Amino acid sequence: MLQSFAAQSENAGACLPNASTPAAASYAGTRNAPCAARTPWTHQSENAENTLLQASFSGTPHTSPALPPTRYTPAAPALRAVFAARAAGVPLTVRDVSPDMMEAIRQQWGLVQHALQPVTELHVAAWLKKLSQLVTNPPGAETAASQCRAIFEVCGDIPSGAWGRDARLAWARQPPRNGYPTGARWPSPNELRTLLLPFSETIRRDAEGCRALLRLHSQSDATLQSTTSQTTAPQTQAAPQATPPIH
């Protein structure tokens, strides 16, 4: 059971629609994504998508190629310390951020932008397929599609970068609560959203930190450029006055 996504990566990040794509058209909208031609349910109706989800959870093989992951790597501790200082109101100038750190911020900003892309139902299905291997009561073929859609409906505001291996292991490693083996059981949509929120907040916090420091750097560059242009501007010298004739 649940082997159909074995050839897929844990996330379908390359097929994520543009952020401006309406959520209601997210399924059919995948045809506008870079790898839409490879998406199993492209140009298919909602009923066909239901059939695909049921087949994917029941083990029916398909030939979709592996999709690159979108797993997000949080900012390094040094960067997060600077982000926290900035958020706490500590006055920072561009001199407080070394060139190496600024380069790291630019690289992290690229990761953040990718991780903030909206999640798709295919993305969620691939993630749930791997989660199903870690619990004792995964859904069967007859309920897989409806459960995936319910989770997507409740958790669709969680960005794609939060749906990674760390979040899946965080669910499985939960200790029992009041004697109930929480981590060993299939989550409800609300339980899963509660678990994913901290991962989402990490991405958004890193995004705000990167944005603030990049803005600080750009403002410093603009100020430096303005000052340089003023100091290097040619000075207009007054024309020498003619010496009056001596009578």
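Just so you know, these numbers come straight off a predicted model, no measurement behind them. Counting from 1, the numbers follow the sequence of the chain as shown. Excluded from the calculations below are hydrogen atoms, water molecules and symmetry mates; all remaining heavy atoms, backbone and side chain alike, are included.
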With sequence neighbours excluded, what pairs up with [X] under the side chain to side chain contact (heavy atoms under 4.5 Å, CB included) test?
{"X": "Ala78", "value": "Met101"}
{"X": "Ala207", "value": "Trp109, Val112, Leu116, Arg211"}
{"X": "Asp100", "value": "Ser98"}
{"X": "Pro189", "value": "Ala150, Ile151, Val154"}

Determine, using the 4.5 Å side-chain heavy-atom cutoff (strictly less than), whether [X] and [Y] are members of one ILVMFWY cluster.
{"X": "Val124", "Y": "Val135", "value": "yes"}
{"X": "Val119", "Y": "Phe199", "value": "no"}
{"X": "Val90", "Y": "Leu79", "value": "yes"}

Exercise for the section: Look only at the side chain of Ser132 and the backbone of Pro138, and say whether a donor-acceptor pair between them is shorter than 3.5 Å. Expected result: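 Here the side-chain-to-backbone pair does not exist.
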Practice task
Spell out, as yes or no, whether a donor-acceptor pair under 3.5 Å connects the side chain of Asp206 to the backbone of Ala75.
Solution key: yes
What distance separates [X] [atom1] from [Y] [atom2], expressed to the nearest 0.5 Å?
{"X": "Arg193", "Y": "Ser200", "atom1": "CZ", "atom2": "OG", "result": "8.0 Å"}
{"X": "Trp186", "Y": "Leu192", "atom1": "CH2", "atom2": "CG", "result": "8.5 Å"}
{"X": "Trp171", "Y": "Thr194", "atom1": "CH2", "atom2": "OG1", "result": "9.0 Å"}
{"X": "Ile158", "Y": "Ile203", "atom1": "CD1", "atom2": "CD1", "result": "9.0 Å"}
{"X": "Leu131", "Y": "Arg168", "atom1": "CG", "atom2": "CZ", "result": "7.5 Å"}
{"X": "Lys130", "Y": "Leu169", "atom1": "NZ", "atom2": "CG", "result": "11.0 Å"}

Of all residues at least two apart in sequence or in a different chain, which pass the salt bridge (Lys or Arg N to Asp or Glu O under 4.0 Å) check with [X]?
{"X": "Arg205", "result": "none"}
{"X": "Asp96", "result": "none"}
{"X": "Glu191", "result": "none"}

Sequence neighbours excluded, which residues qualify as side-chain hydrogen bond (donor to acceptor under 3.5 Å, both in side chains) partners of [X]?
{"X": "Glu153", "answer": "none"}
{"X": "Asn190", "answer": "none"}
{"X": "Arg80", "answer": "none"}
{"X": "Arg177", "answer": "Gln174"}

Handout entry: Tyr72 side chain reached by Pro159 side chain, heavy atoms, under 4.5 Å
Key = no
Handout entry: Non-hydrogen side-chain atoms of Phe83 and Cys210 separated by less than 4.5 Å
Key = yes
